[in-house]
Amino acid sequence: METEFIPIDYDYFDFNGKNYIQIIGKNNNHKKICLIDSYEPYFWAVLHKDVKQKTIDKLIKEIEKIQLDEKGRATKVEKIELHTKNYLGTSYPCLKIFVTNFKDAHAIADKLGYKEIFKRRGYDLSLITKYIIDKKLLPLNWYKISGEILDISEFGGLANNLDVEQVLKLEKAQKIEKLEKEAFNPKIIAYDLEVDNLEIGKGEILMISLVSENLKKVLTWKKIQNAPEFVETLKDESQLIERFIEIVKKENPDFLTGYFSDGFDLPYLKARAEFYKIKLNLGIDDSIVKFSRGRELSGKIFGIVHIDLLRFIETAYSQYLESETLSLNEVANELLGEKKLDFEIKHSTKLKPENWRNYFEYNLQDSMLTYKLFQKAWPDLLEFSRTMQEPIFDVSRNGMSKNVESYIIHNLENYNEIAEKRPMHEEISERMQREKYEGAFVLQPTPGLYENIAMFDFTSYWPSIIATFNLSKSTILEKKQKNALEVKIDEKKYYFSKKKGFFPLMLEEIIKKRKQFKQEYKDNPSPILKARSNAFKLLANASYGYQGFFGARYYCPEASAATTSISRDFIKKIINKINKAGYKAIYSDTDSIALLLNKNSQSQAIRFLDELNKNLPGIMELELEDFYKRGIWVTKRDGEFGAKKKYALINYENKLKIRGFETVRRDWCRLARDLQSHIIKEILTTGNHESALSYLKQIIKKIKNREIDVRQLIIKTQLKKPISEYKANTPHITAARKMVEQEIPVDIGMLIEYYIAESKNNAKGKSKELVRDRVKLKDEPGNYDIEYYLNHQILPAVENIFRVFNINLQEIADGKRQKKLGEF
DNA sequence: GAAGTGGATATACC
DNA sequence: ACTGGTATATCCACTTC
């Protein structure tokens, strides 16, 4: 039996004590296929270099005798092979020890207390990861496969109740190339629950919406006359759950997706199903939904990949998004230009029929948005999975450190490397206590309005340093060696080998691929190429942090410290060269330099950049980010020094680039942010402050006359931990407590919205009330505090901008504020 | 009782 | 606890004179 096949999800099962792999995927006729494959699990024993052959033979005989019978599972060492492998870049004789069941590999490894054995490795990788590495059946790639149709009786009748076109025992698989357009088009169902009580399982499920290519449905038990046609009314909540299961099973999609569905929708469904003693058997083998533990729950369905889009968006998109929160509403608005429907959610007992009809629409829209977001994210999900070579289920939930590690693990074979082990608890807590090492260099700017500016920046600066200077766990030397690179950090010297290590080499490849895909995308734009280029970009960006991350297998803070140390040296040298060549570096942060062109032309600057590049070693590269016609740098709130990480630029297409200013900070009120951005724009466009100042005066007048809508004055601050864990009584915690009192749901991660109202004992005025005592929730009636908004929001946001022009709003700040304000 | 200081907290930059 | 360090700024509690 031959067919084309694309693997989507991987699972495993035990039969007669042995491990078997189950792969769910599609054939070229878009039918679901299940492949069964055997797998011989093994781990490595790294031997000391000088162990003699005779001793090795004896050792093998010893180890071969090991048998275990734990948890009713008889396991033994099946066979042993001798290989020469690298461990952290050094070659060793290694024993490849095959065991009956991979779950016992760790226990058997623990029995190997022989002095000839230097390290035991490879027993802590997941079975799926090992399978993908060894059999090279990579996720989301096409294969021509041959196999035998599984007999109904085999593996205890496994093929019997599996809802797939075919179950095949895999014999051969050969990778084939397919054009992207004739490639795999996944079937997706998006779903969303509406409930009465947000606490998992504590309320009733009111309705569930489902959206697929040819499916738009809201299931409910609420009988409403003239309900929209997409509504299907069931007898009660238990029928509703059963109908949901029925539809999903009938549709049998590749992906079932929700938004925060790991944390809400799926656990809720499970809890309510349990309440009614219904089996939530969504799996294509009728298995129930399982939740794997971890920091967050992950809901897994056999044969249908459950994707919580929020989790993928957190790792893959959040750094690019401008949205203030990652709520479905904001993310959909930014990525799709579509919003959730307006609907005020109330307890179901308080809803009138027309409210219900709107509620159904609202519920359907949530699934529609989720469905569209999935399609938008699909190229990225696909390319993440292909790049890291891990299933989409995992890649969509893992953070970037895990993704970097997946990439490493799956590419180790190219370097004949054995995987390093994961740090254990004790080691992790030790690592967490390490002192911080010094990071990036930031040049203090001189405040001012500048003209004719260029911005240079290093491409993938830190990764390119790691690759160029060979900084990693496998290349750091214990002591000084001939030709070794010496890096001095805090009077301590570290040495790195000149012989390239696998991590720097992989990184070099990642950077090169990123460059290549970026170029391919430019030449021939497609969502897939963009996603591919982006996956490699994110991988490069996260790789530096990976080496300094306590959970990393290839943890090496010395390499991280050396990376930043070298980065500081280089950027300072470049700054010096810039200043000596008739330019003036006015600002620099980490990998970028803003410089004044002075008398030089733009083309001269580009030639100068080429010169600088000629003297850069390895794959380090400096590029032109853009030319700007004006830029402004301001002082810190107090003192005359220039503030770092705060500037605004305007290029020759009149596009603004604003960094660090309150304009881009969500914890400042809308009025202050809009005013500041207006003023920055005015100044950068005109080159003077006059129109900006008159605009400011207008706004101040409006505030004093109470002409400002309180919605413009709402301050939003995120609640980052449970209220009880806060030591400080800040305004936003006070607001959160008020919300709890008023029975408004308060959750970690939520933006707390409030404004500052007039003091109650305003007239007496002597001992001023604290800010937190004047907090009112966003919908609470009251008068905003004119003094607060003037002196704590509006003026702080703009006074250091005007100070650049010697306009002294400072006197106002110095206590003469009240009097001075009268002048406006 | 005003002024200064430092801790806790949030958010941004790269 | 789930990449890293650098930096600004607010509010509030506390100390100091």
Side-chain angles (χ1 to χ4, degrees), chain A residues 294-296 311 314-315 319 324 397-405 422-423 425 428-429 431-432 434-445 457-458 460-463 466 538-552 554-557 559-561 563-565 567-568 571 587-592 625 634-639 641-647 657-668 715-721 725-734 751-752 756 766-768 770-775 788 791-793 796-797 800 815:
Chain A
R295 194 169 102 267
E296 271 157 299
R311 292 184 69 176
E314 277 171 355
T315 47
Q319 68 172 119
E324 281 169 16
R397 288 173 171 81
N398 290 340
M400 274 320 285
S401 69
K402 193 78 213 294
N403 285 332
V404 170
E405 197 155 277
R422 200 187 295 136
H425 257 85
I428 289 180
S429 37
R431 289 177 179 187
M432 286 172 74
R434 99 170 139 74
E435 272 185 53
K436 280 191 173 186
Y437 55 84
E438 196 181 340
F441 168 72
V442 187
L443 178 73
Q444 184 135 43
D457 62 16
F458 282 100
S460 300
Y461 194 33
W462 285 347
I466 295 170
L538 288 173
L539 213 45
N541 283 348
S543 61
Y544 152 76
Y546 172 80
Q547 294 205 97
F549 167 50
F550 55 78
Y554 294 101
Y555 177 69
C556 188
S560 303
T563 307
T564 55
S565 166
S567 84
R568 293 190 299 273
I571 203 134
Y587 182 62
S588 167
D589 185 350
T590 312
D591 59 353
S592 68
E625 196 254 345
V634 299
T635 62
K636 285 195 269 189
R637 186 77 73 235
D638 47 5
F641 292 111
K644 298 171 177 181
K645 299 186 185 289
K646 228 175 175 188
Y647 60 91
K657 177 172 174 170
I658 300 179
R659 292 290 119 100
F661 276 110
E662 285 74 6
T663 300
V664 298
R665 293 184 60 100
R666 70 172 178 200
D667 56 349
W668 283 70
I715 297 164
K716 300 177 189 177
T717 315
Q718 193 180 30
L719 194 68
K720 303 202 118 182
K721 51 189 177 187
E725 281 176 27
Y726 280 89
K727 288 180 200 158
N729 272 323
T730 57
H732 85 290
I733 299 306
T734 309
L751 282 187
I752 307 297
I756 306 303
K766 270 228 164 167
S767 65
K768 242 177 67 97
L770 294 171
V771 175
R772 66 158 176 256
D773 294 327
R774 287 176 280 161
V775 161
Y788 177 83
N791 293 333
H792 294 262
Q793 291 274 325
N800 41 17

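To find a chain, count down the sequence lines: A is the first, B the second, and so on, and within it residues start at 1. The structure displayed is predicted, hence computed values, not measured ones.
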For C:dC12, take OP1 and OP2 only and decide whether either is under 4.0 Å from a side-chain N or O of A:K727. no
Residues that A:R568 engages under salt bridge (charged side-chain N to carboxylate O under 4.0 Å, His left out), provided they are two or more places apart: A:E438
N/O (side chain, A:Y647) to phosphate O (OP1/OP2, B:dC14) under 4.0 Å: yes
By side chain to side chain donor-acceptor pair (under 3.5 Å), A:Q793 pairs with (sequence neighbours left out) none
Protein-proximity profile, nucleotides 5-10 of chain C, B/S/- by nucleotide at the 4.0 Å heavy-atom cutoff, equals BBSSSS
Partner of A:Q718 by side-chain hydrogen bond (donor to acceptor under 3.5 Å, both in side chains), out of A:E324, A:H732, A:R666: A:R666
Those residues at least two apart in sequence (or on a different chain) that pass salt bridge (charged side-chain N to carboxylate O under 4.0 Å, His left out) with A:D667 are A:R665
Which one, C:dG4, C:dA13, C:dC11, comes nearest to the side chain of A:P731? C:dC11
What N/O pairs connect the protein and nucleotides 2-5 of chain B at under 3.5 Å? Give each pair on its own line.
none

Which whole number of Å gives the distance between the P atom of C:dA1 and that of C:dG5? 16 Å
How about NZ on A:K402, more than 12 heavy atoms from neighbouring residues, nucleotides or ligands closer than 6.0 Å, or not? no
Residues which pass salt bridge (charged side-chain N to carboxylate O under 4.0 Å, His left out) with A:E625, listed by chain and number, not counting sequence neighbours: A:K657
Rounded distance in Å - CD (A:Q547) to P (C:dG4): 13 Å
Interatomic distance where OH belongs to A:Y554 and P belongs to C:dG4 [whole Å]: 19 Å
